[in-house]
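Some notes on the structure that comes next.
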Amino acid sequence: YAVECALKASICRHQEWVEYKLDVDYRLMKTHSFEFLISFSGRESLIRQQAMTEWTVLKEWGPDWRYMTDPIADTDEIFRATEAILQVLL
């Protein structure tokens, strides 16, 4: 969830919002999709330039990863990718 929160914080900074919009008019923003969120973050090109490998590891993330018995990526790889993405976003 750290990357999702950082993406949403980046959207707030980019859009100059005081808080993340969740009301009816912004219902599309109530998402866990990293691909959707990055497109509004103002950091998409920067992430793709500086952390594309790490982005590839994390872009398919979803809350259901908590329940997977056959992980998509190695835990260490996920942690390294998360750190790299957070450095770009924050």
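When all heavy atoms of T31 and L28 are compared, the pair lying nearest together is CG2-O, 3.7 Å. Minimum interatomic distance between R48 and E35 (heavy atoms only, all atoms of both residues): NH2-OE1, 3.2 Å. In terms of heavy atoms, L37 sits closest to H32 at CD1-C, 4.4 Å.
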request  = Show the numbers, then the answer: is there a side chain to side chain contact (heavy atoms under 4.5 Å, CB included) between I47 and L89?
outcome  = CA-CA 8 Å; I47 285 176; L89 291 174; 3.6 Å; yes

task = For side chain to side chain contact (heavy atoms under 4.5 Å, CB included), just list the numbers for E44 and W55, CA-CA rounded to whole Å, side-chain angles, deciding distance to a tenth of an Å, and then say yes or no.
result = CA-CA 10 Å; E44 183 172 11; W55 180 251; over 6 Å; no

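The number of heavy atoms from other shown groups lying within 6.0 Å of OH (Y20) is above 12.
Taken to the nearest 0.5 Å, the CD atom of Q15 stands 11.5 Å off from the OG atom of S10. The structure places SG of C12 at 11.0 Å from CG of L7, a figure rounded to the nearest 0.5 Å. Between the CD atom in Q50 and the CD1 atom in I85 there is a gap of 9.5 Å [rounded to 0.5 Å]. Note: E83 CD to I78 CD1 = 12.5 Å, rounded to the nearest 0.5 Å.
Listed by first and then second residue, the salt bridge (Lys or Arg N to Asp or Glu O under 4.0 Å) pairs that reach into residues 8-29 are E4-K8, sequence neighbours excluded.
Residues passing the side chain to side chain contact (heavy atoms under 4.5 Å, CB included) test with L90, sequence neighbours excluded: A6, L86.
Below 30°, between 30° and 60°, or above 60°: for F34 and W61 the angle between ring planes is below 30°, a parallel geometry. Relative orientation of the F40 and F36 rings is tilted, given thresholds of 30° and 60° on the angle between their planes.
Looking only at side-chain heavy atoms (C-beta outward), W17 and M29 come within less than 4.5 Å of each other. The closest side-chain heavy-atom distance from S41 to H14 is not below 4.5 Å.
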